[in-house]
Amino acid sequence: MRSPRICCLDLDTFFVSVERLLNPELIGKPVVVGGRLGSRGVVTAASYEVRTYGVHSGMSIVEASRLAPHAVFIPGTHGVYSGYTTRVREVLERYTPEVRTASIDEFYLDFSGCERLYRRPEHGDDDATIEATVRDMRQAIQRDVSLPASAGIGVSRRIAKMASRRAKPAGVYMVRCGEEWSFLAPQPVRAFPGIGPSTESRLQSAGIDTLGQLMTLPPGPRRSRFSGLAESVRAAAERRDRLGRERPAFREHGQFGSTLGSISNGCTFAEDIRDPSSVETHLLGLVDRVSWRARKRGVLARTVTLTLRYADFDTITRSRTGPATAETERLRATVVDLFRKNRTRRMAVRMVAVAVSNLVQPRPQLSLPLGAEPAPVSQAIDAVRSKHGFDAIKVGSTGGLRFHRTGIAPPAVASKT
DNA sequence: TCTGGGGTCCTAGGACCC
DNA sequence: TCTGGGGTCCTAGGACCC
């Protein structure tokens, strides 16, 4: 069997790089993209210049500004980033049709079997052919989209992911066929994708520090606490899953028993909110947004989940499953009911979120199931939003409308509200 | 110095049915 | 009246990723 060749392509300090394209004065300066200075936000991207001061993504803005007061803090230009993601993907698709967008700044490509297509006399072997192709692709992104990227290549997605980290900044790193174990073994357990702070500390207290130690834990009938994890690491060195099945390089939404995912929106308040009815108002806005996104994607949701975070960071989730719907009013009723029944503490609320999951595609039929067909008013609102964006209209708790932009004619149906 | 937002996946317990 | 084993679905929480 031919060895699988997976490439992980990662855009370097993506948000910072895009901001520098928009404003070249930021080039060479320490830049932090995140929430507003003094807000409750966290760092979403930090330039290499500011990382030397200990600033990293996920850190609170307050902490970052203490470590690097001289840095330029920008809130970020939401809405423009995904356009660059699309442009990068277009470049990648020139090299292989097997491209998956994993996140706004990360892609996986399958080059398995592409060796003959790209073979040149100067390449020594198949590995060298693929590596040269990926180097060329990386340069094409720099040339055509002006964004720096790094790429890792290996036998599985996890190996490729780890290789791409080693390639940073703006490089390519290949784990050659057969060298997977020697690549993994000396690395700390935390380097493996999927092992975070919690698992790391559990492993460490059992005296396991490196992936080599973890991989050589005996498999088999006497399963230790970590044997499943050890098997995951061993599997990453080959093209199979934890249960030994050979698996496809990529899995599509809705394929192989997977689901259509979930859609969620949430918000952390600038200040904790004590008044329940004020929290409910925010919830209604979130439901509005989530249900709109579901309708845009053409899916119905069977499960609705409310997340409630109190001022002391205690966080609860409550969900309810029922008939599939994407209708705002039905979802609003469920979420408000979940909130009223489950806000048991008197404490002020810090954050709320609404998610829909258990998504299904409406079956094509003459009469749509209840909730699949938007009410006339919703339809009119959706139409305006498709043209002008979600924020063009705000729907009040009673269904009343507010137009946030001038020059938009209210839909005729909505005028009766 | 408190700790975002949008996701995925896994686990464990309970209900319910056969 | 007591006693089972599976399988599936639902719920809640947690770990992790970018």
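Lettering of chains follows the sequences in order, A, B, ..., and the numbering in each one begins at 1.
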Enquirer: Without decimals, in angstroms, what is the distance between A/F15 CZ and B/dG6 P?
Expert: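 From A/F15 CZ to B/dG6 P: 12 Å.
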
Enquirer: Taking a pair as Watson-Crick or G-U wobble with both distances under 3.5 Å, which nucleotide is matched to B/dG5?
Expert: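 Partner of B/dG5: C/dC18.
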
Enquirer: Nearest to the side chain of A/D105, heavy atoms from C-beta on, is which of B/dG5, B/dT1, C/dC18?
Expert: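 Closest of the options to the side chain of A/D105: C/dC18.
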
Enquirer: Strictly below 4.0 Å: does A/R350 bring a side-chain N or O up to OP1 or OP2 of B/dC2?
Expert: no

Enquirer: Can you identify which nucleotide, out of C/dT11, B/dT1, B/dG5, has its nearest atom closest to the A/M351 side chain?
Expert: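 The listed nucleotide nearest to A/M351's side chain is B/dG5.
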
Enquirer: Rounding to an integer number of Å, can you tell me how far A/L286 CG sits from B/dG6 C1'?
Expert: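 Answer to the nearest Å: 13 Å.
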
Enquirer: Check this one for me: any side-chain N or O of A/S103 less than 4.0 Å away from OP1 or OP2 of C/dC17?
Expert: no

Enquirer: Do you see a donor-acceptor pair shorter than 3.5 Å between the side chains of A/T96 and A/E98?
Expert: no

Enquirer: Among the nucleotides C/dA15, C/dG13, B/dT1, which one has an atom lying closest to any side-chain atom of A/I316?
Expert: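 Closest nucleotide among those given: C/dG13.
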
Enquirer: Taking O4'-C1'-N9-C4 for purines and O4'-C1'-N1-C2 for pyrimidines, is B/dC2 syn (within 90° of 0) or anti?
Expert: syn

Enquirer: Does a donor on one side chain and an acceptor on the other come within less than 3.5 Å for A/R295 and A/T328?
Expert: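 Looking only at side-chain atoms, A/T328 and A/R295 do form a donor-acceptor pair, the distance falling under 3.5 Å.
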
Enquirer: OP1 or OP2 of C/dC18 sitting under 4.0 Å from any side-chain N/O of A/T44?
Expert: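 So the side chain of A/T44 is outside the cut-off, no N or O lying under 4.0 Å from OP1 or OP2 of C/dC18.
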
Enquirer: If we take the P atom in both C/dC17 and B/dT3, what is their distance in whole Å?
Expert: 22 Å

Enquirer: Report the residue (A/F313 or A/I263) whose heavy-atom-nearest nucleotide on DNA chain B is the more 5′ of the two.
Expert: A/F313

Enquirer: Quick check on DNA chain B: between A/S264 and A/R66, whose nearest nucleotide comes earlier from the 5' end?
Expert: A/R66

Enquirer: Rounding to a whole Å, what distance do you find between A/D314:CG and C/dA12:P?
Expert: 14 Å

Enquirer: Just N and O in the side chain of A/T321: are any of them under 4.0 Å from OP1 or OP2 of C/dT11?
Expert: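 Result: yes.
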
Enquirer: Donor-acceptor check, side chain of A/D12 to backbone of A/A170, threshold 3.5 angstrom: yes or no?
Expert: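 Flag set: sc A/D12 to bb A/A170 pair under 3.5 Å.
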
Enquirer: To the nearest Å, give me how far apart CG (A/L67) and C1' (B/dT3) are.
Expert: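 So the two atoms are 15 Å apart, to the nearest Å.
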
Enquirer: If you compare every side-chain N and O of A/R318 against the phosphate oxygens of C/dG13 (OP1, OP2), does one of them come in below 4.0 Å?
Expert: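 For C/dG13, OP1/OP2 do have a side-chain N/O of A/R318 under 4.0 Å.
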
Enquirer: Do the side-chain N or O atoms of A/K161 get closer than 4.0 angstrom to the phosphate oxygens (OP1, OP2) of C/dC17?
Expert: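 No.
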
Enquirer: Just to be sure I understand the rule, does A/I195 reach a base, reach only the sugar-phosphate, or reach nothing, if contact means heavy atoms closer than 4.0 Å?
Expert: sugar-phosphate

Enquirer: Report which part of the nucleic acid A/G194 touches: base, sugar-phosphate, or nothing (heavy-atom distance under 4.0 Å, all strands).
Expert: sugar-phosphate

Enquirer: In this structure, how many angstroms lie between the P atom of B/dC2 and the OH atom of A/Y310, rounded?
Expert: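 The distance from OH of A/Y310 to P of B/dC2 comes to 23 Å, rounded to the nearest Å.
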
Enquirer: Tell me whether A/E63 contacts the main-chain N or O of A/S60 through its side chain, where contact means a donor paired with an acceptor under 3.5 Å.
Expert: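 Answer holds: no.
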
Enquirer: With a 3.5 Å cut-off and no angle check, do the side chains of A/R289 and A/N265 form a donor-acceptor pair?
Expert: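 On atom types as modelled, these side chains do not qualify, holding no pair under 3.5 Å.
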
Enquirer: Is C/dT1 in the syn or the anti form, by the rule that syn lies within 90° of 0?
Expert: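 The base of C/dT1 is oriented anti (glycosidic angle more than 90° from 0).
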
Enquirer: Considering only B/dG5, C/dC18, C/dC10, which nucleotide approaches the side chain of A/N358 most closely?
Expert: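 My answer, after comparing the listed nucleotides, is C/dC10.
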
Enquirer: What nucleic acid atoms does A/I104 come within less than 4.0 Å of, heavy atoms only: base, sugar-phosphate, or nothing?
Expert: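 Nothing: the residue A/I104, judged by heavy atoms under 4.0 Å, touches no strand.
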
Enquirer: Between C/dC9 and A/R302, is there an OP1 or OP2 to side-chain N/O distance shorter than 4.0 Å?
Expert: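 For C/dC9, neither OP1 nor OP2 has a side-chain N or O of A/R302 closer than 4.0 Å.
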
Enquirer: Can you tell me the distance, in whole Å, between the CZ atom of A/F269 and the C1' atom of B/dT3?
Expert: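 Checked: the CZ to C1' distance equals 16 Å.
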
Enquirer: Does OP1 or OP2 of B/dG6 have a side-chain N or O of A/N265 closer than 4.0 Å?
Expert: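 Looking at the OP1 and OP2 atoms of B/dG6, one of them is under 4.0 Å from a side-chain N or O of A/N265.
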
Enquirer: In whole Å, I'd like the distance from the CZ atom of A/R202 to the C1' atom of B/dT11.
Expert: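 It works out to 12 Å between those atoms.
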
Enquirer: Indicate the ring-plane relationship of A/F15 and A/H78, choosing parallel, tilted or perpendicular according to the 30° and 60° boundaries.
Expert: perpendicular

Enquirer: Could you tell me how far apart A/R158 (CZ) and C/dC16 (P) are, to the nearest whole angstrom?
Expert: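 Answer to the nearest Å: 12 Å.
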
Enquirer: So A/R190, base contact, sugar-phosphate only, or nothing? Heavy-atom distance under 4.0 Å.
Expert: sugar-phosphate

Enquirer: Any side-chain N or O of A/S319 under 4.0 Å from OP1/OP2 of C/dC10?
Expert: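 For C/dC10, OP1/OP2 do not have a side-chain N/O of A/S319 under 4.0 Å.
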
Enquirer: Quickly, which of A/M162, A/M215, A/E200, A/Q187 forms a side-chain contact (heavy atoms from CB on, under 4.5 Å) with A/F192? Name it, please.
Expert: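 Running side-chain contact (heavy atoms from CB on, under 4.5 Å) over A/M162, A/M215, A/E200, A/Q187 with A/F192 returns exactly one hit, A/M162.
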
Enquirer: With respect to the side chain of A/V62, which nucleotide from C/dC18, B/dG4, B/dT1 is positioned closest?
Expert: B/dT1

